[in-house]
Amino acid sequence: MTNSLNGQKTRVGILISGRGSNMQALIEAAKNPDYPAEIALVISNRPKAKGIEFAKENNIPVKIINHKSFDSRDEFDQKLHQALTEAKIDLVCNAGFKRLLGKDFVEKWRNKQLNIHPSLLPAFKGLNTHERALETDVKIAGCTVHFVRFEMDEGPIIAQAAVPVLQDDTAETLGARVLKAEHLIYPEALKKVANGLVKVVGERLVDKSHCQEQPALYAPAIKSDQ
Ligand code: GRF
């Protein structure tokens, strides 16, 4: 995308609604002077979101835009857009943001808005992904960073991580394993986008750095004596 050419960092706005551990991972990554993006704004739609504290402690400007203060989704979206443009944000990262955004907003930020989802999309879109992964009895779970489209959990995929499902997993233990992977891939995905290494062509992601052949991931692992 943007500013890597003129030597300026890409200005990122993060949208949160709760705990904010992915936001935290992005803020930590951006502390590296070589990281191509800076976190210029955090917006929470919930005044009591836990993540707000961490952002403030790290001197990131925080705005609360409470969806309950607006009569319609459109008005809320417009306020969000205004706050992002006033802060000269180049890229938006949804990080546990629990509001669906309207078509207008999504189109304004097309290919400039990222989301992280705790499953290997297109499997398990929506809520309760870990419960459903366990019910379905998949052996590999994971997470996905993608560009946002109007349809929920749709959009060109920037990065994914695969995580094994273990025999005795509960939604909590599996969720915790996936979350660790989320914290690794979100900063990597943002870095790629901010460095201009990926572009969307006809709803597919073209990623010039993604060309190395890698061995398959197996779960359960295959041992040579079996
Ligand atoms: C994460 O699992 C993310 O994938 C999903 O919501 C959760 C948010 O967690 N979209 P946190 O607020 O980043 O800790």
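Order of appearance sets the numbers: ligands from 1, and atoms from 1 within every ligand. In what follows, every heavy atom counts, from backbone to side chain, and hydrogens, waters and symmetry copies are set aside.
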Using the side chain to side chain donor-acceptor pair (under 3.5 Å) criterion, which residues pair with Glu53? Sequence neighbours excluded.
none

Under the 3.5 angstrom rule, does the side chain of Tyr35 hit a backbone N or O of Leu26 as a donor-acceptor pair?
no

In ligand 1, which numbered atoms sit nearer than 4.0 Å to a non-hydrogen atom of Glu182?
1 (C), 2 (O), 3 (C), 4 (O)

Proximity to ligand 1 by part of Lys50, non-hydrogen separation under 4.0 Å
neither

Could you work out, for atom 14 (O) of ligand 1, the closest of Ser21, Gly96, Gly18 by heavy-atom distance?
Ser21

NZ of Lys191 to CD of Glu188, rounded to nearest 0.5 Å, is 5.0 Å

Go through ligand 1 atom by atom and flag the ones less than 4.0 Å from a non-hydrogen atom of Gly20.
11 (P), 12 (O), 13 (O), 14 (O)

Heteroatom distance test (Arg19, ligand 1): nitrogen or oxygen, under 3.5 angstrom
yes

Tell me the protein heavy atom at minimum distance from atom 10 (N) of ligand 1, and give that distance in Å.
Ile116 O, 3.0 Å

Heavy-atom contacts with Pro118 under 4.0 Å: which atoms of ligand 1 show up? List them by number with element.
2 (O), 4 (O), 5 (C)

Should you measure from each heavy atom of Lys98, which atoms of ligand 1 turn up under 4.0 Å away?
6 (O)

Give me the ring orientation class for Phe70 and Phe76: parallel if the planes are under 30° apart, tilted from 30 to 60°, perpendicular past 60°.
perpendicular

Could you check Val145, Asp153, Ile158 and say which one makes a side-chain contact (heavy atoms from CB on, under 4.5 Å) with Asn115?
Asp153

Report the residues that fulfil ring-ring contact (aromatic ring centres under 6.0 Å, His included) with His117, sequence neighbours left out, ordered by chain and then residue number.
none

